[in-house]
Amino acid sequence: MIPSETEFVEQLRPAGGRRSGKRDVIVGIFLKQPGHISADALVDLVKQEDGRISRATIYRTLQWMIDAGIARRVDFGGGRFRFEHAYRHPRHFHLICTSCQRSFEFLSSDVESIVEEIAATRRFSAAQSVVQIYGVCERCQAGLPAAEPGLPADILFARDALRMAIATEKSGREFYGRAAKLTRDGRARRVFHKLATEEDDHLDRLERRYAELQRQYPGLDDQPTFLFFKGAANGLFASGTEELKEGLDERRALLIGIRCERGSYEFFKRYGERFEESEGKRIFLQFADEEREHLDLLTREHRALSGRTKRPARDVRRRRSIGVTHR
Ligand SMILES: [Zn+2]
Ligand SMILES: [Zn+2]
């Protein structure tokens with residue numbers, strides 16, 4: 001379950017950290033801000049709520065929130081710092097417009113993998129990586145006024161997680177449908193057929209969830225992409241489908257399926273586990289579980305099929321060992 005705001009703060013509160021009424025007011029206001037806020041803007045908001053809270057207390061609380069992991073401090077360049085909270089706010093990188101001063105969030109698993117690879121190669125124990133892209137946003141380039149603040153990042157994250165899972169299901173369905181058509185072996189064909197049907201069911205469920213999100217958040221599809229992952233755009237099974245050719249051996253087809261399912265399972269599991277508690281995280285992990293089941297099924301079938309084709313060889317060995325073979 002996604003924790004409430006209070007549970008979120010309680011989880012992060014340092015041991016022995018005392019509760020204070022003023023601090024709770026400041027934290028409460030801060031957590032209600034959807035985007036990035038300057039320290040001065042936070043002071044104004046808090047003072048509107050309770051004029052007795054001093055600027056020094058607000059600054060101290062901001063620092064306390066940073067230390068506790070409730071707030072993140074973002075350098076927007078030119079000596080400007082903004083603060084954003086971590087509650088239901090997946091980690092992300094920033095595109096920062098130097099004209100309208102707005103920031104736009106995104107996350108890319110490709111960028112993260114490269115960063116990790118570099119750190120690992122240099123034997124660097126990385127604690128945090130920050131990617132900021134400075135420039136001019138689309139609206140400023142066109143001379144348009146700044147757009148209204150968009151939907152919160154965790155909603156866009158959930159939307160994009162669903163889009164990725166849907167693209168993967170579609171490519172999976174295509175793969176299994178094609179594999180079933182090309183296989184002659186009755187048992188392998190049944191397995192591929194079963195998996196194609198399951199992908200259909202999963203796809204149906206994911207699409208209903210997507211439609212529900214669209215109903216909840218009008219304009220959802222007009223919002224820019226948050227989550228970027230090159231491999232997921234065409235679906236993680238696309239490369240496997242290309243390998244399915246006429247006259248394909250079923251064991252080979254199973255192996256390609258296993259490779260695709262494993263790739264998909266590992267991707268959704270690895271990223272799902274690392275995301276902060278959110279709807280997108282749950283979509284990733286639930287999807288990973290389903291891919292795991294397919295992977296297990298394919299692995300069992302591959303083992304059974306290999307055993308079946310090897311049996312004659314074993315029978316010969318056994319006969320030999322009991323001296324039945326004729327010289
Ligand atoms: Zn701009
Ligand atoms: Zn941000």
Side-chain angles (χ1 to χ4, degrees), residues 2-3 5 8-9 12 26-45 58-59 61-112 114-116 126-161 217 219-220 222-229 271 274-281 284:
I2 295 173
E5 275 179 28
F8 170 74
V9 173
L12 293 170
I26 299 165
V27 172
I29 291 171
F30 181 65
L31 291 185
K32 297 226 158 34
Q33 305 312 308
H36 311 87
I37 187 171
S38 67
D40 284 343
L42 181 65
V43 169
D44 289 346
L45 285 170
I58 299 165
Y59 276 38
T61 304
L62 207 40
Q63 188 57 51
W64 176 84
M65 288 195 286
I66 292 167
D67 296 340
I70 297 164
R72 289 187 287 244
R73 185 169 181 261
V74 189
D75 183 351
F76 272 18
R80 291 173 307 128
F81 293 94
R82 295 289 182 274
F83 300 87
E84 60 185 21
H85 62 74
Y87 175 64
R88 298 193 64 180
H89 196 177
R91 70 173 181 284
H92 54 268
F93 303 135
H94 293 106
L95 292 155
I96 297 167
C97 177
T98 51
S99 172
C100 67
Q101 317 295 335
R102 290 193 58 208
S103 72
F104 310 91
E105 306 181 331
F106 73 96
L107 186 62
S108 160
S109 48
D110 302 299
V111 172
E112 292 198 304
I114 291 169
V115 168
E116 280 165 21
Q128 189 199 5
S129 47
V130 176
V131 177
Q132 317 262 61
I133 303 174
Y134 297 93
V136 181
C137 76
E138 196 181 4
R139 290 185 72 89
C140 286
Q141 287 176 59
L144 295 166
E148 291 297 303
L151 293 168
D154 72 321
I155 305 302
L156 299 183
F157 174 37
R159 178 200 65 182
D160 292 352
Y217 301 97
L220 182 75
D222 305 332
Q223 301 282 316
T225 305
F226 174 74
L227 200 54
F228 290 84
F229 173 55
Y271 280 92
R274 289 169 36 177
F275 286 130
E276 295 78 0
E277 197 49 67
S278 59
E279 174 78 2
K281 180 192 182 87
F284 262 58

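Start at 1 and go down the list; that is how both ligands and their atoms are numbered. Below, each value reflects all heavy atoms present in this structure, side chains not excepted, and no hydrogens, waters or symmetry copies. As the structure is a computational prediction, the values presented were derived from the model and not from experiment.
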Using the Zn ion (ligand 2) as the vertex, how large is the angle between NE2 of H94 and NE2 of H36, rounded to 10 degrees?
100°
Closest approach to the Zn ion (ligand 2) by E84, given as the N, O or S atom name
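For E84, the N/O/S atom sitting closest to the Zn ion (ligand 2) is OE1.
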Measure from the Zn ion (ligand 2) to every N/O/S atom of E105 and report the name of the nearest one.
OE2
Does the plane of the ring in H92 sit parallel, tilted or perpendicular to the ring in H94? Use 30° and 60° as the thresholds.
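Geometry flag for H94 against H92: perpendicular rings.
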Would you mind checking if R274 and E112 are paired as a salt bridge, meaning a charged N to carboxylate O distance below 4.0 Å?
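Yes.
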Residues E105 and H36: side-chain donor-acceptor under 3.5 angstrom:
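The criterion, which ignores hydrogens and geometry beyond distance, is satisfied for H36 and E105.
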Under the ring-ring contact (aromatic ring centres under 6.0 Å, His included) rule, what do Y271 and F284 come out as? Steps first, then yes or no, please.
CA-CA 7 Å; Y271 280 92; F284 262 58; 7.2 Å; no
Centroid separation under 6.0 Å, is that true for the rings of F106 and F93?
yes
To 10 degrees, how wide is the angle SG (C97) to the Zn ion (ligand 1) to SG (C137)?
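The SG/SG angle about the Zn ion (ligand 1) sits at 110°.
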Given atoms SG of C140 and SG of C100, what angle do they subtend at the Zn ion (ligand 1), to the nearest 10 degrees?
110°
